[in-house]
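Numbers for residues simply follow the sequence, beginning at 1. Order of listing sets the numbers, starting from 1, for every ligand and every atom in it. Just so we're clear, the structure is a prediction, and the values are computed from it rather than from any experiment.
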Amino acid sequence: MVKIAPSMLSADFARLQEEIKSIELNGADLLHIDIMDGHFVPNLTFGAPVIKALRKHTVLPFDVHLMVTNPEDYVKTFADIGTEYFTFHAEATPHMHRLVQEIKANGMKAGISLNPSTPVAMLEDIAADLDMILIMSVNPGFGGQSFIPHSIRKVKKAKALLAYYENTKAVVEVDGGVNLETAPLVREAGADILVAGSAVFGANDRSEMIRSLRGYL
Ligand code: DX5
Ligand code: ZN
């Protein structure tokens, strides 16, 4: 069954601890954490100290999505905090292989994210080493944007690329504009994890929303 990773970006920042408890109790599988630096994307969010403070308040695995120009600088910090997936952008470094090895050597799972205009083929020679391919279905930087339909084809391509490696446990995650309308398309394309910010945090009934996004009510 597909997993749901609510994005903290759409939470009430004045009540983060409660908000995270709420999605944990309402059935979320992971907590998606968007780190933005104001350089790679035109927005700033929160940094490691905030994430560290939240670690002791939830059992949800941390799914950290770094939208920063220098992801190499944060490997140790997020490993120390206790991070399940450390995902950086392919567009942010010429040294994807080195960084992936470093992430794994620090005990985390390694993910690479692709902007809407970056082809899946860019991951051809690193796919075997990955734990996650993150397909951005909006341009990174903000929550609440509309899903880019072409992303569906990219999810299928990412699944096909991973299927080539029989022993891989790597998953495909989709991030941006996932809601009740687009989730079925993304699931059908083979996605393993759906990120949903505004859909989950904006729902009156978060439990029902999470189950609906999974396709099970
Ligand atoms: C966008 C972030 C997303 C964002 C998704 O740059 O990576 O995780 O929070 O928000 P929604 O689900 O509202 O599109
Ligand atoms: Zn994200």
Side-chain angles (χ1 to χ4, degrees), residues 2-13 16 19-20 22-23 26 28-48 50-51 54 60-69 71 74 78 83-92 108-118 130-152 154-155 158 171-187 191-204 206 209-214:
V2 78
K3 291 186 171 171
I4 305 297
S7 166
M8 202 174 111
L9 189 59
S10 295
D12 177 350
F13 288 176
L16 273 182
E19 287 280 77
I20 286 156
S22 148
I23 57 138
N26 283 304
D29 298 293
L30 303 125
L31 177 65
H32 186 80
I33 299 172
D34 291 303
I35 308 288
M36 303 186 189
D37 67 350
H39 293 279
F40 184 73
V41 288
N43 195 10
L44 286 163
T45 51
F46 26 70
V50 175
I51 308 312
L54 292 169
L60 288 175
F62 282 1
D63 173 30
V64 177
H65 175 198
L66 287 115
M67 286 158 274
V68 304
T69 53
Y74 301 101
F78 280 98
T83 293
E84 179 90 357
Y85 287 100
F86 182 103
T87 299
F88 64 92
H89 268 261
E91 305 84 3
M108 297 179 289
K109 291 178 178 158
I112 299 185
S113 181
L114 301 175
N115 280 339
S117 60
T118 304
L130 293 181
D131 297 298
M132 176 193 286
I133 295 177
L134 169 49
I135 303 292
M136 286 307 299
S137 40
V138 297
N139 284 294
F142 303 92
Q145 303 181 80
S146 301
F147 186 86
I148 299 171
H150 177 70
S151 317
I152 298 292
K154 290 180 72 177
V155 174
V171 294
V172 173
E173 181 174 73
V174 178
D175 184 9
V178 173
N179 54 32
L180 292 178
E181 216 175 287
T182 55
L185 308 172
V186 178
R187 291 198 307 264
D192 303 289
I193 306 178
L194 311 190
V195 175
S198 39
V200 169
F201 283 98
N204 289 330
R206 291 175 177 175
M209 177 56 72
I210 288 171
R211 282 179 286 132
S212 303
L213 291 171
R214 264 197 210 111

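Remark: R187 pairs with no residue by the salt bridge (Lys or Arg N to Asp or Glu O under 4.0 Å) rule, at least two apart or across chains.
A 4.5 Å side-chain heavy-atom check between V195 and H65 finds every atom pair outside the cut-off. Side-chain contact between L31 and D63: absent, with no pair of heavy atoms (C-beta onward) separated by less than 4.5 Å. For the pair V64 and M108, the minimum side-chain heavy-atom distance is 4.5 Å or more.
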Practice problem: Begin with the C-alpha distance, continue with both residues' side-chain angles, and end with the deciding distance and a verdict on side-chain hydrogen bond (donor to acceptor under 3.5 Å, both in side chains) for D175 and S7. | Solution: CA-CA 9 Å; D175 184 9; S7 166; 5.7 Å; no

Self-check item: Y74 vs I35, side chain to side chain contact (heavy atoms under 4.5 Å, CB included): CA-CA, chis, key distance, verdict
Solution: CA-CA 11 Å; Y74 301 101; I35 308 288; over 6 Å; no

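Atom NZ of K3 is surrounded by 12 or fewer heavy atoms from other residues, nucleotides or ligands within 6.0 Å.
For residues 108-118, the set of pairs meeting the side-chain hydrogen bond (donor to acceptor under 3.5 Å, both in side chains) definition, not counting sequence neighbours, comprises E84-K109, H89-S113, H89-N115, E91-T118.
Within 4.0 Å of ligand 1, the residues that place a heavy atom are S7, L9, H32, D34, M36, H65, M67, M136, P140, G141, F142, G143, G144, D175, G176, G177, V195, A196, G197, S198, listed by chain and number.
Heavy atoms only, all atoms of each residue included: G143 and L9 are closest at N-CD2, 3.7 Å.
Each protein N, O or S atom less than 2.8 Å from the Zn ion (ligand 2) was counted, giving 4.
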